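Accompanying notes for the structure given below.
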Amino acid sequence: MADPLITLTTDFGAGSPYVAAMKGVILTINPAARIVDLSHEIPPQDVRHAAFFVAAALPYFPPDAIHMLVVDPGVGSERAALFVESGGMRLLAPDNGCWTLLTRERAAPRVIRLAEPRYWRTTVSATFHGRDVFAPVAAYLSLGIHPQELGPDETHWVELQWPFPLRMDGLLHGEVVFVDHFGNLITNLRGDDLPNEPHTPIRVSLNGQVVDRLVRTYSDGSPGEVVALVSSFGLLEVAEIQGNASARLQVSRGDLVRVEWK
Amino acid sequence: MADPLITLTTDFGAGSPYVAAMKGVILTINPAARIVDLSHEIPPQDVRHAAFFVAAALPYFPPDAIHMLVVDPGVGSERAALFVESGGMRLLAPDNGCWTLLTRERAAPRVIRLAEPRYWRTTVSATFHGRDVFAPVAAYLSLGIHPQELGPDETHWVELQWPFPLRMDGLLHGEVVFVDHFGNLITNLRGDDLPNEPHTPIRVSLNGQVVDRLVRTYSDGSPGEVVALVSSFGLLEVAEIQGNASARLQVSRGDLVRVEWK
Amino acid sequence: MADPLITLTTDFGAGSPYVAAMKGVILTINPAARIVDLSHEIPPQDVRHAAFFVAAALPYFPPDAIHMLVVDPGVGSERAALFVESGGMRLLAPDNGCWTLLTRERAAPRVIRLAEPRYWRTTVSATFHGRDVFAPVAAYLSLGIHPQELGPDETHWVELQWPFPLRMDGLLHGEVVFVDHFGNLITNLRGDDLPNEPHTPIRVSLNGQVVDRLVRTYSDGSPGEVVALVSSFGLLEVAEIQGNASARLQVSRGDLVRVEWK
């Protein structure tokens, strides 16, 4: 049997001593744990970015992985620390909504509030629960303790407010929900909501600019051309071929998108 | 026996959900795979940078490692996806030349075109073959399937156009082929092509500036001094001691270099 | 028994071919080694940053881990390459002081000068001992060779000059020793040296600016507020809530801090 997997997603920055400390804590409790870095580049305290990230990435992992999400502006406050299980996926996260987008289309989650200090570090700092609570709990879970031991069931938690697309007056209204490393603008509009007919003319408006070329893949456009396509996540995306659409169009996350077709 | 190694080299950016998704796909197919991140910081779509990177790094790995190279501006087009084996080294890459520098001085490569969808994800997106083709194929290879099963032999592939140095009129002409994180300028001129006599005066010209101090290592120069040396890759390099030569000399990749000596 | 751990801390930059080459060298010698990236984002040649980083991170690791520190402005010069063992912790580093802060509060270190080329790569470059000396030695250590075999005991080494706080005229004088990814300013003043009374008014002065709000954790302040707190490392820290104190106050490492209270 393969050694247990623990994935890390944080806003600590690559090369942060905070990430290193968490890895040390995990490996001290379970030397056999295999740690997989997913991202330490979530923008600081950006719960919404984290939510999209984990919804995009975690479903690809095997069900026995344990996922740690540490984007935690409320650390040290009364916000709870949670264990969540949904459709076989297990994660640990602060109760700030960073995980709720992920479980929206899965089985109803089982949520436990972390309340058993014997699975935490002996001294818990007020500012670093990643090291003092989440990391040791992840390590103990990877050793096989039952989630039930971590604390009581929780029936209330913070739901992320997520912008859902709207169909109105024959138009689709949405917004940019993620900008990737290439500057591609990923929207909350699902490819499935666009017309099925492949040659239907389509007009995507963002920030007063119109993109009317819908392509299947980047190489269908010419370098420098701005195109729309259905991304690998199944969402409408606007990209500049071999360029950066976010910089080119001056569009960033939260900006509105409107799609119309005949 | 150690668990199989799969290395990742991409232009997706550290902390990209695309990298995370690929890791999940690999670990779902082969939970025992050990994933080693090499770089996710190849500049976007920069096949030439990728080529230098893998030529510099992959030869140090054990021969049974499987290397994934995903720098893929032509994704979704007719460009083939390849398995390459050369001198015991195995890699997966798009057919855009990103690997050919690496095998230039090795045994003639065996190249197979990936054509067997049963080793791919069930649905292959038009924009993300890293996740849908390369990652699952790498995972199946790490489980021991024979490369023969992946598709037919390929006899034609894109060769990277790489600038080779030229000796003319008693001068060596080359160019900067890589700028590292320290701003050191690595050229395509081999240390072996420089004069053997250790005290031969040498003049390296870049962008109208002359460097005439050839040292053995950085600590032979003074902080702020610009020197030439033979880098750990065996190539002529220009460095500013404890500084950034690229910024200081305003020289970047592709800029010409000329070396003369008596 | 779990496979042996080797951690990497360098200033090579994420995605550097130098890091990739070191990983290849380690895995060629010991295919079972588990490599854990701690940081490749130490600022170039910044021994002081490296010293703080490893003092903050390495104590969390299990004692059998082998830690490689490659921040090495003196590479190729006469500076020694060292093996250090202290309180069960084992590390490899150049003799430039980058590790001495770490062992200051531990058992007296045992230090060995690396002098046995049979544990190095056959050819040792003048500029890259990370690949040619430290990586192979780490791999051989992980295979179980005895440190004694690496070279002779060393009794002299470079001690890092580290600013220690000063109590004078009823004031505590210190400086900023680390700025994290969030822009939080971490000082060399220990929380234990501050008044025990929780409500004692305190004034922290940096760069002509005064912070007089001492909180327990970030969420005790309002977004945009600049506060002082005792960080998870036990050191006095100045932070802007959901902001960047370094940018806001124009304070960076080395800047002086003064604390007074009634």
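Only a predicted model underlies this, so the values are computations on that prediction, with no experimental measurement involved. Every chain is numbered from 1, with letters handed out A, B, ... down the list of sequences.
- Remark: A:Gln161 CD is loosely packed, at most 12 non-hydrogen atoms of other residues, nucleotides or ligands lying under 6.0 Å away.
- For C:Leu5, the part sitting under 4.5 Å from any heavy atom of chain A is the side chain, from C-beta outward, and nothing else.
- In terms of heavy-atom proximity, C:Phe53 sits nearest to A:Gly15 at CE1-O, 3.3 Å.
- Contacts of C:Phe178 with chain A are made by side-chain atoms alone, with heavy-atom separations under 4.5 Å and no backbone atom involved.
- Around CD of A:Glu149, the count of heavy atoms belonging to other residues, nucleotides or ligands within 6.0 Å exceeds 12.
- At distances below 3.5 Å, not a single donor-acceptor pair connects side-chain atoms of A:Ser16 with backbone N or O atoms of C:His181.
- Using a 4.5 Å heavy-atom threshold, the side chains of A:Arg121 and C:Tyr60 count as touching.
- Heavy atoms closer than 4.5 Å to chain C are found in both the backbone and the side chain of A:Thr28.
- Using a 4.5 Å cut-off between heavy atoms, A:Thr127 touches chain C through backbone and side chain atoms alike.
- Taking chain C as the reference chain and counting heavy-atom pairs below 4.5 Å, the highest number among A:Asn30, A:Val25, A:Thr123 is found for A:Val25.
- Atom CZ of A:Phe128 and atom OG1 of C:Thr217 lie 12.5 Å apart (nearest 0.5 Å).
- With C:Arg216 contributing its side chain and A:Gly76 its backbone, the two residues share a donor-acceptor pair below 3.5 Å.
- Side-chain atoms of C:Phe61 and A:Lys23, non-hydrogen and from C-beta on, do get closer than 4.5 Å to each other.
- Other residues, nucleotides and ligands contribute only 12 or fewer heavy atoms inside 6.0 Å of the CZ atom of C:Arg190.
- The number of heavy atoms from other shown groups lying within 6.0 Å of CZ (A:Arg113) does not exceed 12.
- Of the listed residues A:Pro17, A:Gly13, A:Ala14, the one with more heavy-atom pairs under 4.5 angstrom with chain C than any other is A:Pro17.
- Each of A:Pro73, A:Ser125, A:Ala21, A:Ala33 has some count of heavy-atom pairs under 4.5 Å with chain C, and the biggest count is that of A:Ala21.
- Using a 4.5 Å cut-off between heavy atoms, C:Ile186 contacts chain A through its side chain alone, with no backbone atom that close.
- By a heavy-atom distance cut of under 4.5 Å, C:Leu229, C:Ser231, C:Ser232, C:Phe233, C:Gln242 are the residues of residues 227-252 of chain C near chain A, going up by number.
- For chain C, the option among A:Asp37, A:Val19, A:Asp11, A:Val124 with the highest count of heavy-atom pairs below 4.5 Å is A:Asp11.
- The backbone N or O of C:Arg34 sits nowhere less than 3.5 Å from a side-chain atom of A:Arg34 that would complete a donor-acceptor pair.
- Within the 4.5 Å cutoff, no side-chain heavy atoms of C:Val36 are placed close to those of A:Ile35.
- Heavy atoms closer than 4.5 Å to chain C are found nowhere in A:Ala135, neither backbone nor side chain.
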